Structure formats: C-alpha cells, structure tokens
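Since we're looking at a predicted model, the values are computed, not measured.
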Amino acid sequence: MISIPSFFRKFQKTFSKLIMKAFVIGIGGFFLFFWFSVTNGGKTTLAKKLQKHLPNCSVISQDDFFKPQSEIETDKNGFLQYDVLEALNMEKMMSTISCWMKSPRHSPVSADWRNAEEVPILIIEGFLLFNYKPLETIWNRRYFLTIPYEECKRRRSTRVYEPPDPPGYFDGHVWPMYLKHRREIEDIEEIVYLDGTKSEEDLFSQVYEDLRQELAKQKCKYCPIEVDGEGTARNIVHYVAKNGIPEC
C-alpha cells in the first residue's frame, strides 16, 4: 500500500462528517488492462445495472482516473504497471468523491434525482478500492468479484488486443498482481465476495437483495421511535415502498 499524503487527510475528515447522509457502495475485483484496452470483469456492468434500480444512485469508475500512458512505469520485464495505485490519479478521484458527498444532487457525476426523500447512493467501482487507506471509512457495503485462474485466463484469451499481449504477460504480470492485491485485503471482514463466474442476472439479484436489506436497516435507524405498553422501543415504519425499502 502507498503512504497517505497530508492532502488526503482532509478528505477523511470530510467523509466522516458526511458519511451518515449517504450510502456508499464499493464494487471491486479483477482488472485486466493492456495499453488502451480495458475489461472490467463484471464490475461496471453490475454497477450500471444497480444504478438503474436504486433511487438517487450515482456511479464513479476508478478506470476514469488513470494517468496518461507516458506517466506509467514499466517493470523489469518491460510490462506497463497499470495494476498499481501509482498508475491512478487518486487525488482527482478523491476530489470527485468529496464533491459528490458534499452535494449528491448537483455534482458532475450525479444521476437523475428521482425521490428527494430517499438517501443518496454512490457506487464506486474499480480494481484497487479496498487497498486504498483514505477510503477505508467511507464504505457502507463492499463487494469483491472473484474469478478463478483458469476462467480468467480463458476470458482474456478470447479478447483481441491491439497490440497483442506480449508472451508471458498474463502469468508473469496480470495474475500475480491480482493475487498480491487480493492478499492485501483478505483481512477485511466486511467485504462480501461474489462469484464472478455466475451470470450477470444472478449477481445482480444477489447484490440487489443484499443492498435492499442494508438500506432498510439504515433507513430504520432514523425512523421515529415508539414505546409499547411493555416498554419495548420500536421504529415506526408505515409502509414498504415499491423498491422494497421501508419508509418511516
């Protein structure tokens, strides 16, 4: 992991003040990058589908913050190091996230505001989200898509790259970097691991149902409290909205 410049500490303070006003979802997983070709292993597809079904939901993609190729370092084998945090303009990404959290309805990445009464939702998708310490306090829910070696290599072999991968690129660089980043986050208990070999529909259904329940829990935290005759306190919930999330 890279060190945390003092610049980013102010963002952590901003996040701690605003985190209760929003629901932030992280979708991480395998990343395949070579020259100008990017495949997201299902992260972007899942994020976009969730955005269509969740109210007031915006999406930020880590892929949008890569530095120019001229600034990307190469390793001893001549492979471009796109699979490291230093290849990303994380300062710009943090600024974009901070801008959204300060004004979820009016930031450049904000989606159409469907219901002013619903909590604003931000999905951040990328391959190095949970390895980045300045973001560790922002997440309400974290998901990580996993793909076994054989399947990942098979998927990459079916794609056409220009220029093509150099010999040994997958086994010598892509897969080892994935394992390295995976080890860095394996002690984070809050991450929900998803089977990336499942169909898009199955993955969406699993995550959407999980988020529906988590959003319901958060919403009920702020519902009015009533106490029955036996002294038991309960949140007042009047009805269940169309999206399945209880309303106060």
*Is the Y178 ring parallel, tilted or perpendicular to the F144 ring (thresholds 30°, 60°)?*
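It falls in the parallel class, under 30°.
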*Anything under 30° is parallel, anything over 60° is perpendicular, the rest tilted; go ahead and classify H173 against F79.*
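Tilted, since the angle between the ring planes falls between 30° and 60°.
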_E200 atom CD: more than 12 heavy-atom contacts under 6.0 Å_ =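 Result for CD/E200: open.
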_Using a 6.0 Å cut-off, check whether atom CD of E73 has over 12 heavy atoms from anything other than its own residue._
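No, CD of E73 has 12 or fewer neighbouring heavy atoms, counting only those of other groups under 6.0 Å.
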Cluster overlap [X] with [Y], hydrophobic side-chain contacts below 4.5 Å:
| X | Y | result |
| --- | --- | --- |
| Y169 | L80 | yes |
| L85 | M177 | no |
| V84 | W175 | no |

_Candidate pair R142 and I25, rule side-chain contact (heavy atoms from CB on, under 4.5 Å), full reasoning_ = CA-CA 6 Å; R142 288 184 266 196; I25 303 160; over 6 Å; no
*Under the criterion side chain to side chain contact (heavy atoms under 4.5 Å, CB included), which of I97, N89, T96 is the partner of M93?*
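Going through the options one by one, the only one that passes is I97.
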Which pair of non-hydrogen atoms, one from [X] and one from [Y], has the smallest distance, and what is that distance?
| X | Y | value |
| --- | --- | --- |
| W139 | G26 | CZ3-CA, 3.3 Å |
| I123 | C57 | CD1-SG, 3.6 Å |
| F204 | L46 | CA-CD1, 3.7 Å |
| Y82 | F127 | O-CZ, 3.5 Å |
| W100 | S107 | CD1-OG, 3.3 Å |
| I138 | V24 | O-CB, 3.5 Å |

With rounding to the nearest 0.5 angstrom, report the [atom1] to [atom2] distance, [X] to [Y].
| X | Y | atom1 | atom2 | value |
| --- | --- | --- | --- | --- |
| L145 | L194 | CG | CG | 5.0 Å |
| Q51 | E125 | CD | CD | 10.5 Å |
| L50 | K48 | CG | NZ | 11.5 Å |
| T45 | L203 | OG1 | CG | 10.0 Å |
| L128 | F65 | CG | CZ | 14.0 Å |
| Q206 | D195 | CD | CG | 8.5 Å |

Check: [Y] and [X] side chains under 4.5 Å, non-hydrogen atoms:
| X | Y | result |
| --- | --- | --- |
| I27 | I124 | no |
| F23 | L54 | no |
| L88 | K67 | no |
| V192 | R141 | yes |
| K43 | Y143 | no |
| P120 | R105 | no |
| S58 | P104 | no |
| I60 | L122 | yes |

Any luck finding a side-chain donor-acceptor pair between [X] and [Y] under 3.5 Å?
| X | Y | answer |
| --- | --- | --- |
| H181 | D83 | no |
| D202 | S205 | no |
| E151 | T197 | no |

Are any of the side-chain nitrogens in [X] or [Y] under 4.0 Å away from the carboxylate oxygens of its partner?
| X | Y | answer |
| --- | --- | --- |
| K217 | E214 | yes |
| D64 | K92 | no |
| R154 | E150 | no |

*Determine, step by step, whether E186 and R182 satisfy the salt bridge (Lys or Arg N to Asp or Glu O under 4.0 Å) criterion, reporting the C-alpha distance in whole Å, the side-chain angles of both residues, the deciding distance to 0.1 Å, and the verdict.*
CA-CA 6 Å; E186 61 186 11; R182 176 78 181 268; over 6 Å; no
*Y208 vs R212, side chain to side chain donor-acceptor pair (under 3.5 Å): CA-CA, chis, key distance, verdict*: CA-CA 6 Å; Y208 180 75; R212 189 189 66 78; over 6 Å; no
*asked:* Holding to side-chain hydrogen bond (donor to acceptor under 3.5 Å, both in side chains), I want the full list of residues that pass it with E189, two or more places apart in sequence or in another chain.
replied: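 By the side-chain hydrogen bond (donor to acceptor under 3.5 Å, both in side chains) rule, E189 matches no residue at all.
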*Please check if the side chain of D75 supplies one atom and the backbone of N77 the other of a donor-acceptor pair under 3.5 Å.*
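Yes; judged by distance alone, with no hydrogens or angles, the pair exists.
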